[in-house]
There are 2 protein chains.
Amino acid sequence: MSSHTALNKVLIEFYDKMASWEASVVRESDYSLAQVHTLEALGNYGPMNMKSLATQLGITTGTLTVQVDKLVKLGLVQRFYREDDRRSITVALTEEGQTIHQHHNALHLSLTEELTKELSEDERQVLVSLLGKLNQEF
Amino acid sequence: MSSHTALNKVLIEFYDKMASWEASVVRESDYSLAQVHTLEALGNYGPMNMKSLATQLGITTGTLTVQVDKLVKLGLVQRFYREDDRRSITVALTEEGQTIHQHHNALHLSLTEELTKELSEDERQVLVSLLGKLNQEF
DNA sequence: GACTTTACTTTGATAATCAAATAATCTATT
DNA sequence: AATAGATTATTTGATTATCAAAGTAAAGTC
């Protein structure tokens, strides 16, 4: 098996397991998977406009408009209207949204610690470096 | 920033970007995201029963029953009834299902090659090894 | 200024999802 | 072997997520 094939396999396996873990965590929470994903995107990457957020989430802006409406109603995100381009709006977490995101992120951190508990500090740093390079290429 | 925090960040970022890529690839195909995920799970991990497949996909068996019904109707998966446990059924790809999975997997392989084009052969092997360890811990 | 593009929303229809109830089968205990 | 309990899958009813396409408003282009 070539190194590309082997790498492809472990990358997909990691992705699948992460998705599965995320689903089980979210099912125990008060929010839907789509909602948590939206909060995560805004929490991890900061405020952004609808277009960017939709792309980031892999959904259409139409779907996102509905989702943001609900999250606004729940008090978790806010819309900010831009002066420089009045077509565009900036979506951001409210304080409560940030709190929920931080809670969810803490679960992610626990998972990461669990997953890498057998790795040395050097290995962790190598992994950060290599994955960082991959992420840049997307 | 601790190595755990840094690692958590790149892992989440990789997961997000993979999900986003997958969504854009699937939108251009004839099948839905849920359908492709089902085909991928069966193609990557082999035939399995409803319970395992639902867990793997992060959905309930009720949802999966509906999904499998559709895929059976489309001729992409088959149900096999077990002799040793007649409550359980085994779900597997048909030949056509395998063809579609292989096509989708080829896209994944292209992506992997693109993402790792700047890495050395040694780096790729290190990454395979480290990610393999993480995957085992899930 | 007219035309095109861009950003977002709305609408109408479909697909995905869950929780809970049901049915069939298996396992364990007595 | 009879009963009770657990497991596996399906069905049902309701909700949520989703898309494509059409609509609106603002910005960019020529």
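Both backbone and side-chain heavy atoms feed into the values below; hydrogens, waters and symmetry mates do not. Below, chains carry the letters A, B, ... as their sequence lines are ordered, and counting in each starts from 1.
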- Could you identify which residues of residues 18-44 of chain B place a heavy atom less than 4.0 Å from some atom of DNA chain C, listed by residue number, or say none? B:S32, B:A34
- Query: Closest approach of B:Y15 and A:H37, non-hydrogen atoms and distance?
  - Reply: OH-NE2, 3.8 Å
- Would you mind reading off the distance between B:N49 atom CG and C:dA24 atom C1', rounded to a whole angstrom? 16 Å
- Starting at the 5' end of DNA chain C, which residue's closest nucleotide do you reach first, A:T63 or B:D84? A:T63
- Query: Do the side-chain N or O atoms of B:R86 get closer than 4.0 angstrom to the phosphate oxygens (OP1, OP2) of C:dC26?
  - Reply: yes
- Using a cut-off of 4.0 Å on non-hydrogen atoms, how would the nucleic acid contact of A:R79 be classed: base, sugar-phosphate, or nothing? sugar-phosphate
- Query: Between the side chains of A:H101 and A:N44, is a donor N or O closer than 3.5 angstrom to an acceptor N or O?
  - Reply: yes
- Message: I want to check one thing: is the phosphate of D:dC19, taken as OP1 and OP2, less than 4.0 Å away from some side-chain N or O of A:T60?
- Response: yes
- No-hydrogen, no-angle side-chain donor-acceptor test under 3.5 Å, B:Q56 and A:S20: no
- Run the salt-bridge test on B:E137 and A:K117 with the 4.0 Å N-O cut-off and return the result as yes or no. yes
- Ignoring backbone atoms, test whether B:S88 places a side-chain nitrogen or oxygen under 4.0 Å from the OP1 or OP2 oxygen of D:dA9. yes
- Message: Any N or O donor-acceptor pair under 3.5 Å from the base of C:dT6 to the side chain of A:R87?
- Response: yes
- Query: To the nearest angstrom, how far is A:K51 atom NZ from C:dT9 atom P?
  - Reply: 14 Å
- Item | Atom-to-atom span, CG of A:L53 to P of D:dT18 - whole angstrom | 12 Å
- Item | Heavy-atom pair with the smallest gap, counting every atom of A:A41 and A:L53 | CB-CD1, 3.7 Å
- Task: Using whole Å, report how far CD1 of B:I59 lies from P of C:dA19.
- Result: 12 Å
- Message: Rounded to whole Å, how long is the line connecting atom CZ of A:F80 with atom P of C:dC8?
- Response: 15 Å
- Message: Applying the salt bridge (charged side-chain N to carboxylate O under 4.0 Å, His left out) criterion to A:D84, which one of A:R87, A:R86, A:R82 satisfies it?
- Response: A:R82
- Query: From the list D:dT11, C:dC8, C:dT25, which nucleotide is the closest neighbour of the side chain of A:M50?
  - Reply: C:dC8
- Task: Taking atom types as modelled, find out whether A:T5 and A:N8 have a side-chain donor-acceptor pair closer than 3.5 angstrom.
- Result: no
- Phosphate OP1/OP2 of C:dA7: any A:T61 side-chain N/O under 4.0 Å: no
- Message: In this structure, how many angstroms lie between the P atom of D:dT8 and the CD1 atom of B:I89, rounded?
- Response: 13 Å
- Task: Give the rounded distance in Å between these two atoms: CZ of B:R82 and P of D:dT8.
- Result: 11 Å
- Task: Describe the nucleic acid contact of B:T65 in one word from base, sugar-phosphate, nothing, applying a heavy-atom distance below 4.0 Å.
- Result: base
- Query: Where the side chain of B:D85 is concerned, which of C:dC26, D:dA17, D:dA9 is the nearest nucleotide?
  - Reply: C:dC26
- Task: Side-chain contact test, heavy atoms from C-beta onward, threshold under 4.5 Å: evaluate it for B:V26 versus B:E22 and give yes or no.
- Result: yes
- To the nearest Å, give me how far apart OH (B:Y81) and P (C:dA24) are. 14 Å
